Each structure stands twice: as C-alpha cells, then as structure tokens.
Protein chains: 2
Amino acid sequence: MSTIKEVSRLAGVSISTVSRVLNDTVPVADETKRRVLNAVQKLDYQPNAFARGLVTNRSGGVGVTVNDLSSPYFGTLLKGVEEVIEEAGMHLIVASGHAKAETERRAVEFLKQRRTDALIIHSEELPDADLLNWAKGDIPILVIGRYIAELAKSCVYLDNETGGRLATRHLLEKGHRRIAHITGPLSIHDSRERLVGYRRALEEAGLNYEEDFVVEADFMEAGGQIATKRLLERKLDFSAIFVANDQMAVGVLQTLREAGLRVPEDISLVGFDDVLLARYLYPALTTIRQPLFEMGQAAAKLALAALDGKEMGVRRKFEPELIVRKSVTSIR
Amino acid sequence: MSTIKEVSRLAGVSISTVSRVLNDTVPVADETKRRVLNAVQKLDYQPNAFARGLVTNRSGGVGVTVNDLSSPYFGTLLKGVEEVIEEAGMHLIVASGHAKAETERRAVEFLKQRRTDALIIHSEELPDADLLNWAKGDIPILVIGRYIAELAKSCVYLDNETGGRLATRHLLEKGHRRIAHITGPLSIHDSRERLVGYRRALEEAGLNYEEDFVVEADFMEAGGQIATKRLLERKLDFSAIFVANDQMAVGVLQTLREAGLRVPEDISLVGFDDVLLARYLYPALTTIRQPLFEMGQAAAKLALAALDGKEMGVRRKFEPELIVRKSVTSIR
DNA sequence: ATCACCTATGAAAACCTTTTCATAAAAAGT
DNA sequence: ACTTTTTATGAAAAGGTTTTCATAGGTGAT
C-alpha cells in the first residue's frame, strides 16, 4: 500500500502539494496537478483513513443501532439511511442492540468509541435518560422511531397517536364496537401514544374505554400469542383487535386460528408498521403504514446537517397511513 | 475528549505505562495499574481509534456488502455475521451494491479504502475476475452465497445442486410430471447449479429435460411475474413450477392468481431460500431452506481466522433442507 | 527600474497511539 | 557484599496525513 510520500517523490513535489491536489483545498498549478494525479494513478494510491482521521477528527462513518438485524423493520429503515449516507461519500457502521437495554447501551458505547461522526439510534429499551446523556456529548445523536421531548429536534418519528386513531376508527367504521388492543411495551413512548390514539377514537365514537380490553405485550411474535390467549381467557366477546405492530399480529393470527377463530370472519385485525410481511400474510393484513424508508432518509439527512452545523428543513414527524387489506370485515 | 497524555499526567506515570495497562501487554505493578485505571475512569478516557489504527494498522472493522439492504435475505445473513464479529470486539461496516455490477464494485472499493480488516462479499452481479483480483490484495476476502473454484477456501455457500434436486424431487414424488423451472440469472453460478439439480432430478426419474419448461429471470419479484407470463404464453400445460428463489415466487404467485390459477390446486410451487416471508405467504410456501444465519456466522468466523492467519475448521459448504408447507399438492 | 503584493510550493508541526530501546531499581545468585 | 538477572518504567521514534507558516519567484503598479 503506497503512501503520500511515495506519490510526492514520484511526482517530484512535496507531500503538501499532493495533499492539496487530492483535497482540492488550495489552487495548484495545472502542470503540477497533472503530475501528481499521474503518480497517484500509477501507484494506485489511496489515502490512509487512519492518518487522515487522526488530523481531521472525522471518520466518515455514521453509526446505526437497531434492535434486531433480522427484523423486517430494519432493512427498510437502513436502506433509507444508506441511500443518503452513501451519496455523501460516508459509510455505515451498524451494531445491534438485541432489544435489551444493556446490550443496546453497549452497542452505542461501542460506536461512540469507534469515533463515528454521527449516531442514528433506533432503540426500544433504553431509557430516555441515556439518550439525553449521550446527546450532551460532542457527537450528534439522532433518534429514530421514538419521540423524546427534550431531543425533539433530533427525533424522527411517527405520529403514533394518529396511527392508533386511524386503526381504531377504521374498525369502528366497519361496525365494530367491542375492540381489543394489544399494546407494545408501555415503557415505550410510541406504545403509549398508540394506546392514546385507540382511546381517543373510542371516545370520539362515544364508546367507553375499558381496561379489560387492553393487554400489554412486547412487540414480538411470541408476545402476540401470549396476549391473545390472555384476551381469549377473559371471554370479552370482542369482534376485533388492534395490534400495536405487525410482528405481534402474526402471533395473534396463529393463536386465533388455533383457537378455531377465523380472521376476518370471526375476528377482525388491524396491525401497525406495514412491514414487508403484512402484505403476504393470510389474510393480507390491514395495517398502518410507517414510511420507514423515508424516515431512514430523514434521519440520515439530519445527521449530515448536524455535522455541517446547519439546521436543515427536514421533516421529522411522519404521518401514518391506513393500508386496507383483507383482515377486517364489516359487521352487522 | 481526553487523551492518553492527560491520563498519564493525572496518574503520574508515562504514557507508555498507560498504554501498557490498557492493552495488558506487559506486566505493570498493581499499584500503578490502579492509579492508571482510576485516572482513566475519572477522565472517561477512550483511546483514539485513529491513532491506534495508524500504528496497529487494524481498524477493527469488517466490511460487508450485500445486494439490497431491504431484502429479507440480508437481515438473517447479517445477523449471523454480526453475532460473531461483535463477540470478537470488532464492528460491522455495511455497503450496498444495489445488485448492479458497477455499484457493487464501488461498494467494495469503498470498503477497501476504509481499511476494513476483512471483507465479506455477497455479490450477484460481479464477475468472478473481480473477486479473484481483490483476493490477491492484502485484505482477506470472504465470499458468501456463491462458489468460485479458485477461491474455494474463502467461499461460504450452499450445495445448490442438491437444493434444486430436493425441490424437483419433491414435486416428482407428489406425482408431478410436467414441471417448469424459473431460474435466477444464469450468469450466476448458484442459478446454474440449481438448474443442474432440477435437470438431474428429472433424469433420475427417467424424464426428459425440455428447454421450453425453463425460463431465466432475475431473482426479483417482478422478474418472477414476467417469467410466469412467458411460461403461461407457451401453453405447456405444466402442473408445477420450481422457482429459484422465494422472492420471485411471490411474483409468480401473484401472476398465477391474476391468471385465474389457484395454488396449489391448479399449480404447485416450490421456492428456494426459505426467507422469513415464505412462511407467511398464502399458501405458505414449500421451499428449500438455506441456513443463512449459520452461513453468516461461518463467513465471519473464516474472516476472523484469516486475520489471525489461522486456518479454521469451519464448515463452508452448507446443505439445503426441504421445508414442506402448503404450496404443493399431490396429483393423480 | 523598483517596490509591493500575489501565487505556488515546501518545511515542519500537530494529531494520538503503540512499541522499541534504554535505564533504574529490585531480586536473585554466588 | 558484589555481580548478574529480572522487572517496572520512561523517553523517543514511527505511523501518514492535514494544515500553518515561511519563502521563492513572478506579476502588476508606480
């Protein structure tokens, strides 16, 4: 691997000049530039990223943490991030938090130590305090898929309340009156907001909110199964369930089927996220779409803006959209 | 951000000693060690990765390229890679090649310039020559999901021929005789092997291989649709299709349905990959499972081994497995 | 023709580690 | 008690860039 020194020697100039040509910082005589470029090509020279980072204090990397690398949520999000990061000539460093507070914390610390220029955090378990704490440091932090009031300018998130309302209202419009709700972990802001939306929609329809109809779960497929069993045990005679994410909806679907209930004939279902899967489930899942790709892009743009010290006019709050498929039926 | 110098001053020792304590290279007196560790903690010192890289010439990063970050294939693979990479205290740098030869090449060059310690390449479009060329360089290259004879020791791949045979044989066992096959791009070794497996199975059953029954496609959902249309136009009266990956199978399913054909009643279908999706399709897709997670792990282990100059006894050729679901019916 | 001012370039410092080499002190051997 | 070996530590070099400061040569103005 050749160094700048070798290039300078071959081109017959000083290393400073080589650096100047390569970074285009200061005008260099055309003839000199030509010679340098020639030498660079001949030696297949590539600047040493370490040396460069040492002096510029920039790694050119953006760190991303995510819960579970294999979750369908992740891919789309990451794709959005990558698109804009790559365009800016930077790269992506990923670490998984495995949906545990402790490992999520480790993942972030890890990336911080790696001197990533910015950090995009998708975390479900970490308490707000941790995020707040990191945000005080000197590396820009972006939070995705979560809203933290004190970090409002760095959060890219969905209007979850509207999402919850949309889902519930859709069921109401189809004639459902006894609507259950399986929430995500209520420690998470998003879950709470979706619940609020559910409640609001009920109230708007003049219906009472009843605690029995709500079960807290964990956003995972297995959690959906457990929650459904709990719900069934209560014998509430509900005709529909609003499930706080698609992944749980998969579990719900299974458990319902095992219990001899058909979807949507016996029970209607609305999910949340519109993960790739939702479209292919049987029956295809009616759900609330989160524009994950766009949100990924937004987070990346904000990260870039923060690096330049600019404030960019990037949208941070995204609106959910009802995607009607086959898992809801009209009753009466 | 504090430096080693500040730590050394606070601890009242030289920077060499601090380095030694931190890297545990050479014994240091307990008392000194204590003082250093104290100072480190007090200053929240974190070694500068650039400076360290500059001298050790190690970045601690492993580069991974994939076709499409949002593909379901990717997540599982990456999860496997991450698990072992993270355990080794290293990190993951990802770049997407967007399934185009030119961008794939760019992605790899990009990672190389970033001085990743090793490179795990999942590429579909790149010609063997490129891979071979990079492999000559000084950074270890691992190829995943593809077999290149000259790089045999660095390839983690599936026994695709057996996979193709398994799929076809399953259909034969269910009584199918007129079996079509939608292949991946035949420029790719894996696609060719699956085709060979298909052919072999037919031969073993004493059936003739007929070119009309085979259509080449591109591994994408849309490609599956186009291929299916072509197949239908030929009016071959086939009763089953072996599709070379699940993603195309989704497109096939749609097109078949649009043409008024039911799966599996009218046409049986076998996919390949056993991507997360397959399980949730309607009807649930019978497919050939690729142990992607395990393959990701293997690639990462090989990368680590290459870094240590060791040859590890890691399995490189993986066996596919038939996963029977609901997309195949018996006939006659 | 002389002077002031650009312009292009080079020399050297700075960035922060790891690691080699040297040395002082302590331990072991005679 | 004296020499030799071991152990713990420090000083300094090396690693490859970017960037500041200095300087030589050239350009334009008077």
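Keep in mind that this is a model prediction, so the values were computed, not measured.
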Closer to the 5' end of DNA chain C via nearest nucleotide, is it A:V26 or B:T56?
A:V26
Roughly how many Å is it from [atom1] in [X] to [atom2] in [N], rounded to a whole number?
X: B:K33; N: D:dA8; atom1: NZ; atom2: P; value: 10 Å
X: A:N48; N: D:dA14; atom1: CG; atom2: C1'; value: 13 Å
X: B:K5; N: D:dA11; atom1: NZ; atom2: P; value: 12 Å
X: A:R20; N: C:dG10; atom1: CZ; atom2: C1'; value: 7 Å
X: B:I15; N: D:dA14; atom1: CD1; atom2: P; value: 15 Å
X: B:F50; N: D:dT18; atom1: CZ; atom2: P; value: 13 Å
X: A:R52; N: C:dC16; atom1: CZ; atom2: P; value: 18 Å
X: A:L54; N: D:dT19; atom1: CG; atom2: C1'; value: 13 Å

Salt bridge check: are [X] and [Y] linked by an N-O gap of less than 4.0 Å?
X: A:R105; Y: A:E125; value: no
X: B:D190; Y: B:R146; value: no
X: A:K79; Y: A:E82; value: no
X: A:R34; Y: A:E31; value: yes

Presence of [X] side-chain N/O under 4.0 Å of [N] phosphate oxygens OP1/OP2:
X: A:N23; N: D:dT18; value: yes
X: A:T32; N: C:dA8; value: no
X: A:S14; N: C:dA11; value: no
X: A:Y45; N: D:dT17; value: yes

NA contact type, [X], heavy-atom cut-off 4.0 Å: base, sugar-phosphate, or nothing?
X: A:T3; value: sugar-phosphate
X: A:T17; value: sugar-phosphate
X: A:N57; value: nothing

Does the side chain of A:T25 come under 3.5 Å of the side chain of A:N23 through a donor N or O and an acceptor N or O?
no
Among C:dA12, C:dT17, C:dT9, which nucleotide sits nearest the side chain of B:A51?
C:dT17
